[in-house]
There are 2 protein chains.
Amino acid sequence: MTAHPDLTRNQSLVLHTLNAANGSLSAYDILDKLRAEGLRAPLQVYRALDKLVEFGLIHRLESLNAFISCADPQDHEAHAHGVTAFAICDSCGQVTEFHDHAIEHRLQQWQASRSFKPEKTTIEIRGACSNCS
Amino acid sequence: MTAHPDLTRNQSLVLHTLNAANGSLSAYDILDKLRAEGLRAPLQVYRALDKLVEFGLIHRLESLNAFISCADPQDHEAHAHGVTAFAICDSCGQVTEFHDHAIEHRLQQWQASRSFKPEKTTIEIRGACSNCS
DNA sequence: TTTATTGCGTTATGCTATAACGTATGGCAT
DNA sequence: ATGCCATACGTTATAGCATAACGCAATAAA
Ligand SMILES: [Zn+2]
Ligand SMILES: [Zn+2]
Ligand SMILES: [Zn+2]
Ligand SMILES: [Zn+2]
């Protein structure tokens, strides 16, 4: 359970922006929100995002090319070794993060049967949330 | 079991290019391979890709922003109503498509419990295949 | 002090995807 | 045949996402 180091100014700015957002934000969304704080270039945001993902404080949503703050950054076990899944509402943008041990176990079985060594697993359900149906 | 219509020239060119490829190709990879056939603009490729995905003949890999031909285009049941998963080797590019009913069922349970209406589900495992480990 | 590491800022570039326009073609009802 | 509709096509321009490459600054070993 290694704690991540203190965040730098840019990392803090990006994390707080994501925490304050309702749903997910693209790197350029974040950049636009942080111009007032002095950020000017995409790389400043991408470098912070890379670190925050590495620290397990945020997640990247592959099907949206966007980022969202972790729903439970304290849960190191689930995020370090587990599989994180997301349900994404295409209507309102709500993102629900969840962890399902049965799915994870089933994927592990498949991987073992094929001698496939997983590095990162993406599970994203796009659709309509209960409010938007 | 509705058959898809005959493919247009551009659709055929794109499909054959993907069928001939070892792994996945980006839209621009495909465009480069088809310049000799007269294709000049990204839209010509993207429009064909959209249709081929709609017909269930190819899949989009969200974590790669790339496309791959379907491993079993005849299996309409699995592709129309089921969840398709991919194991992607980051070393050699090999992509293995598979379908797991237990995972699909588990996702359905989650969706039912949250009244979430799924439209498209992405499952992609990035890692190293048995040959590359 | 020297060296290595990490983060920062900037410029430039590359890759991915779509908007908006007009043209062409084929099916079909009148 | 004529008009109408739906679909595909080709082109130009633009939008959106991501990284290469450079040098500087601060910090932490050695
Ligand atoms: Zn999380
Ligand atoms: Zn919603
Ligand atoms: Zn398939
Ligand atoms: Zn491999």
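For clarity, every value in this text was computed on a predicted model and none was experimentally measured. Throughout, a chain's letter reflects where its sequence line sits, starting with A, and its residues are numbered from 1. Keep in mind that the numbers below use all heavy atoms, side chains included, and drop hydrogens, waters and symmetry copies.
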>> If you compare every side-chain N and O of A:Gln44 against the phosphate oxygens of C:dG9 (OP1, OP2), does one of them come in below 4.0 Å?
In response: yes

> Does OP1 or OP2 of D:dA8 have a side-chain N or O of B:Thr8 closer than 4.0 Å?
Replying inline: no

Give the rounded distance in Å between these two atoms: [atom1] of [X] and [atom2] of [N].
X: A:Leu7; N: C:dG7; atom1: CG; atom2: P; answer: 11 Å
X: B:Leu31; N: D:dC9; atom1: CG; atom2: P; answer: 14 Å
X: B:Asn10; N: D:dA8; atom1: CG; atom2: C1'; answer: 9 Å
X: A:Leu25; N: D:dG16; atom1: CG; atom2: P; answer: 15 Å
X: A:Asp29; N: D:dA18; atom1: CG; atom2: P; answer: 11 Å
X: A:Leu52; N: C:dG7; atom1: CG; atom2: C1'; answer: 13 Å
X: B:Glu37; N: D:dC9; atom1: CD; atom2: C1'; answer: 17 Å

Under 3.5 Å, which protein N or O atoms sit close to an N or O of nucleotides 18-20 of chain C? Give each pair with its distance.
none

Would you say [X]'s side chain and [Y]'s backbone share a donor-acceptor pair under 3.5 angstrom?
X: A:Glu124; Y: B:Thr122; result: no
X: A:Asp29; Y: A:Ser26; result: yes
X: A:Arg114; Y: B:Thr96; result: no
X: B:His99; Y: B:Val83; result: yes

> If you find the nucleotide of DNA chain D closest to B:Ala48 and the one closest to A:Arg60, which residue's nucleotide is nearer the 5' end?
Replying inline: B:Ala48

> Mapping B:Arg9 and B:Asn65 to their closest nucleotides on DNA chain D, which lands nearer the 5' end?
Replying inline: B:Arg9

>> Of the listed nucleotides (D:dA8, C:dT16, C:dT10), which one gets closest to any side-chain atom of A:Ala41?
In response: C:dT10

>> Within a 6.0 Å radius of atom CD on A:Glu119, are there more than 12 heavy atoms belonging to other residues, nucleotides or ligands?
In response: no

>> Between the side chains of B:Lys120 and B:Glu62, is the shortest nitrogen-to-carboxylate-oxygen separation below 4.0 Å, so that they form an ion pair?
In response: yes

>> Quiz question: by atom type and distance under 3.5 Å, do the side chains of B:Glu97 and B:His59 form a donor-acceptor pair?
In response: yes

